[in-house]
Amino acid sequence: MRATIRGIGMNYETAGDGPSVLWIHGFPLSGAMWRAAVAALNSEFRSIVPDLRGFGGSDATAEVTMGDFAEDLGGLLDHLNIREPAAVVGMSMGGYVALEFFRRFPTRVCALVLVDSRGEADAAEAAKARLATAEKVLRDGSGVVADAMVEKLFAPEAPASLKEEWRRAMAAASPRGVAAALRAMAGRVDSFATLHAMRIPALIVVGEKDAITPPDCAERMHRAVRGSHMVIIPGAGHMTPVEQPEAFHGALRSFLRGVPWNKAS
Ligand code: MLT
């Protein structure tokens, strides 16, 4: 489906029935990464699955910030007339967006799931490298990022066909959207004050072999959020939801079943 949100054409899907779950994809992916998870949970939950600005079928803009991504999602929930708090699930960059969404709209979030993500901002060197990559992507296309990321995204034993499927999906991403998101990630803030202040149920999920946001990143977030749960998924790399779907869906389902819906922070 498509809607104009804050002047931008945004693509999104909805599925299922029950309390609302907002799914925020990673970089440089799209809502399609959640397809199996949404199908697995749709008898119990209503899913809202956007393509963030610049990804999938959503329009790109030359610049974007984490704040824009979060405001777009707030606009999408308004458009769908979803007023009650939702559980927000964010993978990697989607986790950065989920934390920004929580800062801006705490009453719209009743639970948070951070998947293969981190709470720290980029160190200066990492931010600089992202800005350089953004320039390269604008010049040479998104294949630059797809080729550089694909091996790091998956556990070493992941099937070559799975890696190739996602390499192609990443290479097809809009260079303008990818470059803008790289700059947005380079400029994002540290989220530990937010994590320390959080008083809603939180689940931190990480692939055992995640080479981009390894388990120690998850562990630091878990220690920061009072009462949070942490699950390490065996055999998964950074793409836990597509590498080990059954274990991921199981962890998510049991967490979401325990959420006190309608109670935001
Ligand atoms: C992602 O998977 O969303 C990205 O790897 C996040 C990042 O580069 O920090």
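Just so you know, ligand 1 is whichever comes first in the structure, and atom 1 is the first atom listed for that ligand. The residues of the chain are indexed from 1 along the displayed sequence. Hydrogens, waters and symmetry mates play no part in the numbers below; they use all other heavy atoms, side chains included.
Under the 4.5 Å side-chain criterion, counting only non-hydrogen atoms from C-beta, Met10 is in contact with Asp72. In this structure, Leu41 and Leu252 have side chains that are in contact, with non-hydrogen atoms separated by less than 4.5 Å.
Residues Trp261 and Phe45 place their aromatic rings such that the two centres sit under 6.0 Å apart.
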Original post:
What do the steps show when you test Val206 against Thr240 for side-chain contact (heavy atoms from CB on, under 4.5 Å), and what is the final call?
Top reply: CA-CA 7 Å; Val206 65; Thr240 299; 6.0 Å; no
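Annotation: ligand 1 has protein neighbours Gly26, Phe27, Ser92, Met93, Tyr96, Arg130, Met149, Met185, Ile212, His238, each with a heavy atom less than 4.0 angstrom from the ligand.
Remark: Ala3 pairs with Ile5, Tyr12, His79 by the side-chain contact (heavy atoms from CB on, under 4.5 Å) rule, at least two apart or across chains.
Relative ring orientation between Phe69 and Phe55 is described as tilted, the plane-to-plane angle lying within the 30° to 60° band.
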